[in-house]
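Written below as structure tokens is the structure these notes are about.
Since we're looking at a predicted model, the values are computed, not measured.
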Amino acid sequence: MPISKQYKNALIVITHPDSTSLSHQIANHIAKHLTHQGMSVEVADLHKEDFKSAITIADLGAYRGQQVVGPDIVSEQARFDRADIVYFVFPIYWWSVPAMLKGWFDRVFTLGWAYKIDDQGRLTGELKNIPVKLIATGTGDKAGYDKHGYTQAIQTQIVEGIFGFCGLHDVQTSILYGADFIQADGLQDFFNQLDQDILAIKQPSSC
């Protein structure tokens with residue numbers, strides 16, 4: 001089922017320093033596909049925009065309730081708030097996301113915006129439960145990821161530990177395995193799979 005008017009705004013967050021990388025090719029494919037369907041697409045290219053990924057003293061001050069969140073973080077949060085669906089495109093480094101993307105989560109998914117903790121220590125996720133698509137490139141094959149626990153690690157650390165923690169439960173992961181040796185036909189096969197499984201989105205039912 002193609003994306004309909006119920007999804008109007010998409011955010012693509014891409015993390016790769018090389019503009020010719022597979023990650024950029026995938027992000028460009030997604031952007032063109034969604035734009036062709038009439039969606040508004042915003043791209044957050046973290047390396048191109050020189051996003052500062054390291055936690056700062058100001059970030060800690062905001063976490064402790066001593067000052068407000070900085071304008072750079074407010075801007076990133078506004079991007080997320082505008083989106084009806086979000087795509088994260090990145091290479092897998094050491095069975096997780098790259099440091100810059102991890103830093104984006106560290107700094108942007110703040111207490112009070114992404115999650116809250118009440119006086120009794122009860123935690124609630126605060127992000128609107130929109131679809132999130134994790135699209136990664138990695139070496140090796142699926143069998144190896146499954147055998148050594150890397151697939152479960154990604155599920156636990158990222159899908160549940162970050163997104164689930166913040167109230168996002170419609171999270172789908174797609175990995176282009178053997179990325180270092182992929183040929184043009186293999187990349188096209190991956191694009192075709194994305195078009196079928198990731199970019200053909202089941203719409204929420206209307207009331």
Side-chain angles (χ1 to χ4, degrees), residues 1-15 23 26-44 46 73 76-92 95-98 101-102 104-117 122-138 142 145-146 150-177 190-207:
M1 180 184 297
I3 296 173
S4 75
K5 294 180 180 179
Q6 288 177 282
Y7 290 120
K8 296 180 180 179
N9 302 303
L11 173 64
I12 301 173
V13 181
I14 179 171
T15 312
S23 293
I26 292 168
N28 290 338
H29 176 83
I30 294 169
K32 290 178 181 177
H33 186 104
L34 299 180
T35 301
H36 181 71
Q37 295 190 50
M39 290 189 69
S40 174
V41 178
E42 183 171 9
V43 177
L46 300 188
I73 301 307
E76 295 299 312
Q77 291 174 344
R79 277 175 156 174
F80 198 95
D81 283 337
R82 285 192 294 269
D84 301 309
I85 185 168
V86 180
Y87 299 83
F88 291 91
V89 186
F90 57 92
I92 293 174
W95 326 118
S96 187
V97 298
L101 182 54
K102 178 57 166 59
W104 190 91
F105 293 133
D106 291 344
R107 298 192 65 214
V108 175
F109 282 12
T110 58
L111 174 65
W113 178 75
Y115 64 97
K116 291 182 179 178
I117 303 174
R122 291 188 294 263
L123 181 142
T124 57
E126 295 295 310
L127 295 182
K128 59 180 179 179
N129 191 26
I130 58 176
V132 171
K133 310 295 181 180
L134 307 178
I135 305 173
T137 62
K142 186 178 186 304
Y145 273 63
D146 292 345
Y150 306 143
T151 301
Q152 185 59 49
I154 292 170
Q155 175 70 24
T156 301
Q157 295 179 59
I158 303 170
V159 175
E160 299 172 10
I162 296 176
F163 295 107
F165 188 93
C166 297
L168 293 164
H169 303 292
D170 184 2
V171 182
Q172 186 177 0
T173 303
S174 182
I175 300 175
L176 173 59
Y177 297 101
F190 185 71
F191 285 161
N192 294 340
Q193 198 66 42
L194 285 182
D195 294 347
Q196 178 178 336
D197 296 340
I198 302 295
L199 300 178
I201 300 168
K202 183 178 180 181
Q203 292 297 326
S205 58
S206 58
C207 298

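To the nearest 0.5 angstrom, Phe90 atom CZ is 11.5 Å from Ile14 atom CD1. Here Gln37 contributes atom CD and Lys32 contributes atom NZ; the two are 15.0 Å apart, rounded to the nearest 0.5 Å. Here Gln155 contributes atom CD and Thr173 contributes atom OG1; the two are 6.5 Å apart, rounded to the nearest 0.5 Å. Atom-to-atom distance recorded for Ile135:CD1 and Ile175:CD1 is 11.0 Å, nearest 0.5 angstrom. Rounding to the nearest 0.5 angstrom, the gap separating the CH2 atom in Trp113 from the CD atom in Gln77 is 5.0 Å. The CD1 atom of Ile26 lies 13.5 Å from the OH atom of Tyr87; values are rounded to the nearest 0.5 Å.
With a 4.5 Å cut-off on side-chain heavy atoms, Ile158 and Ser96 count as touching. Two residues are said to be in side-chain contact when any heavy atoms from C-beta on lie closer than 4.5 Å; Val97 and Gln157 fail this criterion.
Remark: the backbone N or O of Asn9 is paired with a side-chain donor or acceptor of Asp84 at under 3.5 angstrom. Put simply, the side chain of Lys128 gets close to the backbone of Ala83: a donor and an acceptor are under 3.5 Å apart.
Ala136 and Ile92 get closest at one heavy-atom pair: CB-CG1, 3.6 Å. Contact between Ser23 and Val89 at its shortest, heavy atoms only, is O-CG1, 3.4 Å. Summarising the geometry of Arg79 relative to Ala44, their closest heavy-atom pair is NH1-CB, 3.0 Å, with the distance given to 0.1 Å. The heavy-atom pair separating Asn129 from Asp170 by the smallest distance is OD1-N, 3.6 Å. Annotation for Leu111 and Ile117: closest pair CD1-N, 4.1 Å, computed over non-hydrogen atoms.
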May I have the step-by-step check of side chain to side chain contact (heavy atoms under 4.5 Å, CB included) for Arg82 and Leu11, ending in yes or no? CA-CA 8 Å; Arg82 285 192 294 269; Leu11 173 64; over 6 Å; no

Run the side chain to side chain contact (heavy atoms under 4.5 Å, CB included) test on Lys133 and Leu194 for me, step by step, so that the C-alpha distance in whole Å, both residues' side-chain angles and the decisive distance to 0.1 Å come before the verdict. CA-CA 10 Å; Lys133 310 295 181 180; Leu194 285 182; over 6 Å; no

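Using modelled atom types, one finds a donor on one side chain and an acceptor on the other under 3.5 Å when comparing Thr124 with Glu126.
Checked against a 6.0 Å centroid threshold, the rings of Phe165 and Phe109 do not count as neighbours. Ring centers of Phe105 and Phe163: under 6.0 Å apart, within the cut-off.
Note on residues 150-162: no pairs pass salt bridge (Lys or Arg N to Asp or Glu O under 4.0 Å), not counting sequence neighbours.
Between Phe88 and Phe80, the ring planes are tilted. Angles from 30° to 60° get that label.
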